[in-house]
Amino acid sequence: MSKQLRKIIEIDEEKCTGCGLCIIDCAEGALAIVDGKAKIVKDSFCDGLGACLGACPEGALNIVEREADDFDEDAAMAWVAERDGKAPAGHHHSHGKPVHAPHGAGHPGHSGPHGHGHGHPHGHGGGGCACAGSMAKQVKPIQAAVVSGGPVSGPGHWPLKIRLVPPTADYLKGADVLVAADCASAASPIFHSEFARGKVVLIGCPKFDDTDAYVQKITDILSTSGIKSISVLRMEVPCCRGLSASVFEAAKRAAANTGNNTPVQEIIMTCGGARAEQTLFGQ
């Protein structure tokens with residue numbers, strides 16, 4: 001592969017804390033956490049556009065100009081598919097050559113739970129997103145159908161934010177709980193009639209909140225409240241995967257702590273507000 005003078009990401013390891021937020025915003029999979037620091041997986045995976053810059057809370061990322069391999073989009077996307085479990089390891093090719101994971105490079109976040117393919121659960125807020133899920137676009141909204149089953153009301157409890165809900169709240173006892181992305185109720189005219197009916201609703205945003213705190217709070221709820229079931233409703237965009245990751249990790253921890261295996265279900269909503277059969281950006 002030819003080298004040329006071009007723009008590419010540079011990481012200041014003195015500033016990098018290994019939080020992994022940059023990895024979530026890099027659609028090409030050019031970054032990974034290795035030995036507690038963000039590293040470039042391969043120069044050819046970085047397009048040099050800097051979509052990850054705004055995600056770093058420490059200012060550890062910069063765009064520099066140096067000699068580097070040309071950007072290879074096919075190889076980058078093949079690596080992302082392999083990393084995220086969408087293809088057998090080493091079976092994706094670019095220009096006739098197999099793409100292999102570099103030593104030490106794992107899923108986004110590296111040390112977080114990888115179950116269910118839901119992405120990195122350890123976010124700490126990340127404004128300035130340039131990820132695919134923040135791309136401005138028009139979507140075709142669904143039309144609300146005539147509601148069956150009687151009138152639809154709001155959730156009837158407060159607070160709603162995951163961070164604010166006490167694990168011992170009376171309304172959690174014996175409840176079916178829906179952990180929903182903040183965007184879901186605004187995106188869908190059928191949120192209350194189809195997704196939230198009969199459920200205690202907790203809301204949050206894994207992109208802007210500390211999802212370590214989500215994991216701990218939901219673990220406490222599952223361990224102490226005696227809820228019947230928990231569903232997680234996330235948007236189809238990649239940055240919302242952390243909500244599912246948080247709930248599944250919390251369920252695993254609660255089961256280890258108490259022996260209670262609370263049923264967990266994931267529901268994915270399209271940007272148009274419907275239940276997704278196949279997500280736009282992949283699960």
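In this text the structure is predicted, and so the values were computed from the model without any measurement. Atom set for the values below is all heavy atoms of this structure, side chains included, hydrogens, waters and symmetry mates excluded.
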Check: Looking at side-chain heavy atoms only, is the closest gap between Arg234 and Glu266 below 4.5 Å?
Finding: yes

Next item on the list: Assess whether side chain to side chain contact (heavy atoms under 4.5 Å, CB included) is satisfied between Phe208 and Asp182, documenting all intermediate values.
Entry: CA-CA 11 Å; Phe208 294 108; Asp182 282 350; over 6 Å; no

Note to self: Just to verify, what does Lys39 make a salt bridge (charged side-chain N to carboxylate O under 4.0 Å, His left out) with, not counting sequence neighbours?
What the structure shows: Glu13

Margin query: I'd like to check the salt bridge (charged side-chain N to carboxylate O under 4.0 Å, His left out) partners of Asp176; sequence neighbours left out, ordered by chain and number.
Written below: Lys228

Next item on the list: For Met235 and Ala184, work out which heavy atoms get closest and say how close.
Entry: SD-CA, 3.9 Å

Notebook entry, point to check: What's the spacing between Cys205 SG and Arg163 CZ if we round to 0.5 Å?
Noted result: 10.0 Å

Notebook entry, point to check: Hey, are the side chains of Asn62 and Ile9 touching, using non-hydrogen atoms and a 4.5 Å cut-off?
Noted result: no

Check: For the residue pair Ala187 and Pro189, what are the closest heavy atoms and their distance?
Finding: O-CD, 4.0 Å

Next item on the list: Report the residues that fulfil salt bridge (charged side-chain N to carboxylate O under 4.0 Å, His left out) with Glu58, sequence neighbours left out, ordered by chain and then residue number.
Entry: none

Checklist line | NZ-SG distance between Lys37 and Cys19, expressed to the nearest 0.5 angstrom | finding: 10.5 Å

Margin query: Once rounded to the nearest 0.5 Å, what's the spacing between atom NZ of Lys207 and atom SG of Cys240?
Written below: 11.0 Å

Next item on the list: Using side-chain contact (heavy atoms from CB on, under 4.5 Å) as the criterion, list what pairs up with Lys173, not counting sequence neighbours.
Entry: Asp170

Next item on the list: Give a yes or no on whether Leu164 and Val201 share a hydrophobic cluster (residues Ile, Leu, Val, Met, Phe, Trp, Tyr; joining criterion: side-chain heavy atoms under 4.5 Å apart).
Entry: no

Next item on the list: State whether the side chain of Asn260 and the backbone N or O of Thr262 hold a donor-acceptor pair below 3.5 Å, judged by distance alone.
Entry: no

Next item on the list: Would you sort out whether Leu61 and Ile11 count as a side chain to side chain contact (heavy atoms under 4.5 Å, CB included), showing the intermediate values?
Entry: CA-CA 5 Å; Leu61 304 177; Ile11 302 155; 3.7 Å; yes

Next item on the list: To the nearest 0.5 angstrom, please state how far the OG atom of Ser244 sits from the CD1 atom of Ile268.
Entry: 6.5 Å

Next item on the list: Please report the shortest heavy-atom distance between Lys199 and Ser231, naming the atom on each side.
Entry: CE-OG, 4.1 Å

Next item on the list: Grab the two heavy atoms, one from Ala254 and one from Leu222, that are nearest each other, plus how far apart they are.
Entry: CB-CB, 3.6 Å

Check: Heavy-atom distance under 4.5 Å between the side chains of Phe195 and Arg275, does that happen here?
Finding: yes

Check: With a cut-off of 6.0 Å (strictly less than), are more than 12 heavy atoms of other residues, nucleotides or ligands near CZ of Arg66?
Finding: yes

Check: For Lys7, does the NZ atom sit with more than 12 other heavy atoms under 6.0 Å from it, leaving out its own atoms?
Finding: no

Next item on the list: Taking Trp79 for its side chain and Gly29 for its backbone only, find out whether a donor-acceptor pair lies under 3.5 Å.
Entry: yes

Check: Tell me, do Arg83 and Ile23 make a side-chain contact under 4.5 Å, heavy atoms counted?
Finding: yes

Next item on the list: If you link ILVMFWY side chains whenever their heavy atoms are less than 4.5 Å apart, which other residues fall into the same cluster as Val64? By chain and number, please.
Entry: Ile8

Note to self: Would you say that more than 12 heavy atoms from the other residues, nucleotides or ligands in this model lie under 6.0 Å from the CD of Glu67, or not?
What the structure shows: yes

Check: Are Leu49 and Phe45 grouped together when hydrophobic residues (ILVMFWY) are joined by side-chain heavy atoms under 4.5 angstrom apart?
Finding: no

Next item on the list: Compare every heavy atom of Ala30 with every heavy atom of Cys26, then report the nearest pair and how far apart it is.
Entry: SG-N, 3.2 Å

Item checked: Pairwise side-chain contact, Ile227 with Val200, heavy-atom cut-off 4.5 Å (strictly under) -> no

Next item on the list: Give every residue pair that meets the side-chain hydrogen bond (donor to acceptor under 3.5 Å, both in side chains) criterion with at least one member in residues 214-226, sequence neighbours excluded.
Entry: Asp209-Tyr214, Gln216-Asp220

Margin query: Within the 4.5 Å heavy-atom criterion, are Ile40 and Leu31 side-chain neighbours or not?
Written below: yes

Check: Measuring from Ile63:CD1 to Cys52:SG, what's the distance to the nearest 0.5 Å?
Finding: 6.0 Å

Item checked: Side-chain donor or acceptor of Asp69 paired with backbone N/O of Lys3 under 3.5 Å -> no

Item checked: Any donor-acceptor N/O pair, Gln4 side chain to Asp70 backbone, under 3.5 Å -> no

Notebook entry, point to check: If you count the non-hydrogen atoms of other residues, nucleotides and ligands that lie under 6.0 Å from CD in Glu65, is the total more than 12?
Noted result: yes

Margin query: Please evaluate residues Ile221 and Val179 with respect to the criterion side chain to side chain contact (heavy atoms under 4.5 Å, CB included), reporting the C-alpha separation (whole Å), side-chain torsions for both, the decisive distance (0.1 Å), and the verdict.
Written below: CA-CA 12 Å; Ile221 289 172; Val179 177; over 6 Å; no

Checklist line | Nearest non-hydrogen partners of Val264 and Ala251, listed with the distance | finding: CG2-CB, 3.6 Å

Margin query: Go through it in stages, so that I can follow the logic: the residues are Val41 and Val34, the test is side chain to side chain contact (heavy atoms under 4.5 Å, CB included), and I'd like the CA-CA distance, side-chain angles, deciding distance and then a yes or no.
Written below: CA-CA 9 Å; Val41 175; Val34 180; over 6 Å; no

Margin query: Between Glu236 and Met269, is there a side-chain heavy-atom distance shorter than 4.5 Å?
Written below: no

Item checked: CZ on Phe191 to CZ on Arg197, rounded to 0.5 Å -> 13.0 Å

Next item on the list: Answer yes or no: is there a side-chain heavy-atom contact under 4.5 Å between Val177 and Val165?
Entry: no

